[in-house]
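Taking it in order: structure first as structure tokens, then the write-up.
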Amino acid sequence: MKFIFADSLDYVDPAFDFIADRSPAERQPYWDDAYPHEILGYAPYDGVLVSRGIVGDHRVKGKYTASQARRFGLVGVRKFLRLDKPEFTHLDIFGDCGAFTYVNEEYPPYTPAEMAEFYDECGFTHGCSVDHVIFDFDPAGVGMQGGVADARRRFDITLENADHFQREAEHIGASFTPLGVVQGWSPGSMAEAARRLVTMGYEYLAIGGMVPLKSPEIKICLEAIRAAVPASTKLHILGFAKADDIDSFHGYDIASFDTTSPLIRAFKDAKKNYYLPGDGLALRYFTSIRVPQAIENPRLQRSVKRGMFRAEDLVRMEGAALGSLRAFDRGEADLEETLHSVLVYSAPLFEEKPYEDCKNSPALLQLAKRYRETLSERPWQQCPCSICAATSVEVIIFRGSNRNKRRGIHNLAVYKNHIERLDLKRAVNRTDEISRRLCAAES
């Protein structure tokens with residue numbers, strides 16, 4: 001099972017100064033910055049996915065600048081992502097249309113011919129057909145029952161585009177592997193879409209529309225799809241938001257999935273921001289410690305405008321929190337002293353009150369409990385990755401993209417190791433099962 005990282009220009013500045021909190025004045029983003037595989041020295045994934053909607057053009061505003069989009073088209077995806085070195089050439093590079101970027105449009109802005117040409121000219125190894133997201137979902141839907149008019153219209157558009165895309169890929173002698181995208185409003189409709197895609201000649205299917213679904217709902221869809229297609233058909237899950245639950249999906253013979261979850265959770269999850277391997281095949285999670293910039297944080301600035309705090313007092317509290325964390329890391333401050341400094345600064349951030357006025361509030365007490373666990377375990381000192389070795393306690397501090405994304409890249413490395421351990425476990429289990437069957441046959 002391949003872990004494909006959905007990239008969105010997720011790079012960091014290797015020369016960032018954590019004490020001064022700034023990059024060098026001469027820094028040029030992208031050119032001076034490092035992708036995860038560069039800053040770690042190895043790829044913490046089996047491949048990368050780039051969405052057409054992220055690159056952008058005159059029809060869809062992407063995340064790339066105009067000059068980055070031009071360079072992407074000129075040099076191709078592998079060189080743009082700096083995956084053209086020998087140690088990275090084995091990595092797959094998937095492409096999709098970025099259907100969520102045009103979800104409110106009546107029709108996708110890209111034609112099958114355009115996308116086939118885009119994938120081929122830019123050097124993708126795998127390319128998804130042009131789909132149109134269906135958000136409606138009925139877990140009890142059987143066959144083609146149900147489905148509002150718009151869902152059925154999107155279903156038909158997705159399949160028509162897939163048919164044209166497959167034909168176009170064959171016509172141009174495409175160097176990439178085409179994936180037919182499955183969309184549907186129920187397990188039954190998704191199974192029917194998968195069946196039709198296989199009839200068109202697709203041997204690799206990408207299951208779309210999974211982002212808002214819960215794990216049990218995704219499994220129902222996979223069961224229906226698996227029952228409708230040959231066992232040799234490979235399945236990819238697009239935008240797999242339940243990535244941490246991947247072990248429970250091993251029975252569905254998933255070939256690959258893409259996700260940003262380990263990186264995104266570093267700065268968008270309320271509690272699970274830092275990963276470490278746990279007991280057995282589990283993952284352990286730790287809460288990062290929030291120390292935002294006092295003069296830039298909107299909530300802290302509101303408290304200044306209300307006269308609750310003076311700006312200089314917040315700056316002093318911010319400095320005390322950072323100083324305590326760094327001293328704690330060096331063994332020069334104890335846990336309770338460090339925790340107190342952090343909570344004094346956290347009170348106006350979470351409660352918009354001075355610490356003495358809210359230190360016994362349920363929210364602050366819960367926060368203190370999670371912070372105490374993080375400080376007690378010192379997880380950044382347990383990790384051998386190059387990020388934790390180089391930045392130490394800075395990686396656990398929730399503050400600005402250069403810390404937050406470094407923590408996310410660390411998570412990618414831990415998660416990739418997690419996937420490898422799961423694959424090894426499955427291989428051992430298969431070997432044991434074969435041995436048991438042979439022994440039974442001999443007896």
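Residue numbers start at 1 and run along the sequence shown.
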(request) Could you tell me whether the side chain of T374 and the main chain of P379 form a donor-acceptor pair under 3.5 Å? (result) no

(request) Decide if atom CZ of R82 counts as having more than 12 heavy atoms of other residues, nucleotides or ligands within a radius under 6.0 Å. (result) yes

(message) Looking at R403 and F18, would you say the former's side chain and the latter's main chain have a donor-acceptor pair under 3.5 Å?
(response) yes

(request) Step by step, work out the salt bridge (charged side-chain N to carboxylate O under 4.0 Å, His left out) result for E192 and R195. (result) CA-CA 5 Å; E192 175 61 16; R195 186 191 66 76; 2.6 Å; yes

(request) Validate the cation-pi geometry between R290 and F398: distance from NZ or CZ to the six-membered ring centre under 6.0 Å, angle to the ring axis within 45°. (result) yes

(request) Run the ring-centre check on F124 versus F94 and record whether the distance is less than 6.0 Å. (result) no

(message) Testing R399, K405, R406 one by one against N402 for a side-chain hydrogen bond (donor to acceptor under 3.5 Å, both in side chains), which residue passes?
(response) R406

(request) Kindly check if the number of other-residue, nucleotide or ligand heavy atoms within 6.0 Å of CD (E217) is above 12? (result) yes

(request) Output, in order, the C-alpha distance, side-chain angles, deciding distance and verdict of salt bridge (charged side-chain N to carboxylate O under 4.0 Å, His left out) for R284 and E377. (result) CA-CA 11 Å; R284 295 180 67 196; E377 293 287 336; 3.4 Å; yes

(request) Mark yes or no for whether R27, through its side chain, and D33, through its backbone, hold a donor-acceptor pair below 3.5 Å. (result) no

(message) Taking the side chain as everything from C-beta on, heavy atoms only, tell me whether W380 gets closer than 4.5 Å to R378.
(response) yes

(message) Please evaluate residues C383 and L276 with respect to the criterion side chain to side chain contact (heavy atoms under 4.5 Å, CB included), reporting the C-alpha separation (whole Å), side-chain torsions for both, the decisive distance (0.1 Å), and the verdict.
(response) CA-CA 8 Å; C383 178; L276 274 186; 4.1 Å; yes

(message) For Y415 and Y45, I'd like to know if the aromatic rings sit close, meaning centre-to-centre distance below 6.0 Å.
(response) no

(request) Could you tell me whether the side chain of W185 and the main chain of Q145 form a donor-acceptor pair under 3.5 Å? (result) yes

(request) Please determine if R407 forms a cation-pi arrangement with F286, meaning its NZ or CZ atom is less than 6.0 Å from the six-membered ring centre and no more than 45° off the ring axis. (result) no

(message) Could you check, using the six-membered ring where one of them is a Trp, whether F80 and F72 have ring centers closer than 6.0 angstrom?
(response) yes

(message) Side chains of F135 and V103, heavy atoms from C-beta outward: is any pair under 4.5 Å?
(response) yes

(message) Check whether N273 reaches the backbone of D269 with its side chain - one donor and one acceptor, N or O, closer than 3.5 Å.
(response) yes

(message) Under a 4.0 Å threshold between the charged nitrogen and the carboxylate oxygen, would D244 count as salt-bridged to K272?
(response) no

(request) For the residue pair R421 and P277, establish whether any side-chain heavy-atom pair is separated by less than 4.5 Å. (result) yes

(request) May I ask you to decide if N161's main-chain N or O and H164's side chain share a donor-acceptor pair within less than 3.5 Å? (result) no

(request) Please confirm whether the backbone N or O of C128 pairs with a side-chain atom of Y119, one donor and one acceptor, at under 3.5 Å? (result) yes

(message) Using a strict threshold of under 4.0 Å (side-chain N to carboxylate O), is an ion pair present between R59 and E105?
(response) no

(request) For the residue pair V130 and I157, establish whether any side-chain heavy-atom pair is separated by less than 4.5 Å. (result) no

(request) Indicate the atoms forming the closest heavy-atom contact of A169 with F176, along with that distance. (result) CB-CZ, 4.1 Å

(request) Using a cut-off of 6.0 Å, state whether more than 12 heavy atoms not belonging to I295 lie near its atom CD1. (result) no

(message) Check whether R78 reaches the backbone of F88 with its side chain - one donor and one acceptor, N or O, closer than 3.5 Å.
(response) yes

(request) In plain terms, say whether D156 and R153 are close enough for a salt bridge, that is, a side-chain N and a carboxylate O under 4.0 Å apart. (result) no

(message) Keeping T125 on the side-chain end and I93 on the backbone end, is there a donor-acceptor pair under 3.5 Å?
(response) yes

(message) If the threshold is 4.0 Å, N to carboxylate O, is there a salt bridge linking K416 and E420?
(response) yes

(message) Counting neighbours of NZ on K63 that are heavy atoms of other residues, nucleotides or ligands and sit closer than 6.0 Å, is the number greater than 12?
(response) yes

(request) Over 60° means perpendicular and under 30° means parallel, so classify the ring planes of Y102 and Y110, tilted if in between. (result) perpendicular

(request) Would you please indicate if the ring centroids of F249 and F240 are separated by under 6.0 Å? (result) yes

(message) Has D120 got a side-chain atom pairing as donor or acceptor with S175's backbone, closer than 3.5 angstrom?
(response) yes

(request) Could you check if a side-chain atom of L205 sits within less than 4.5 angstrom of a side-chain atom of V198, using non-hydrogen atoms only? (result) yes

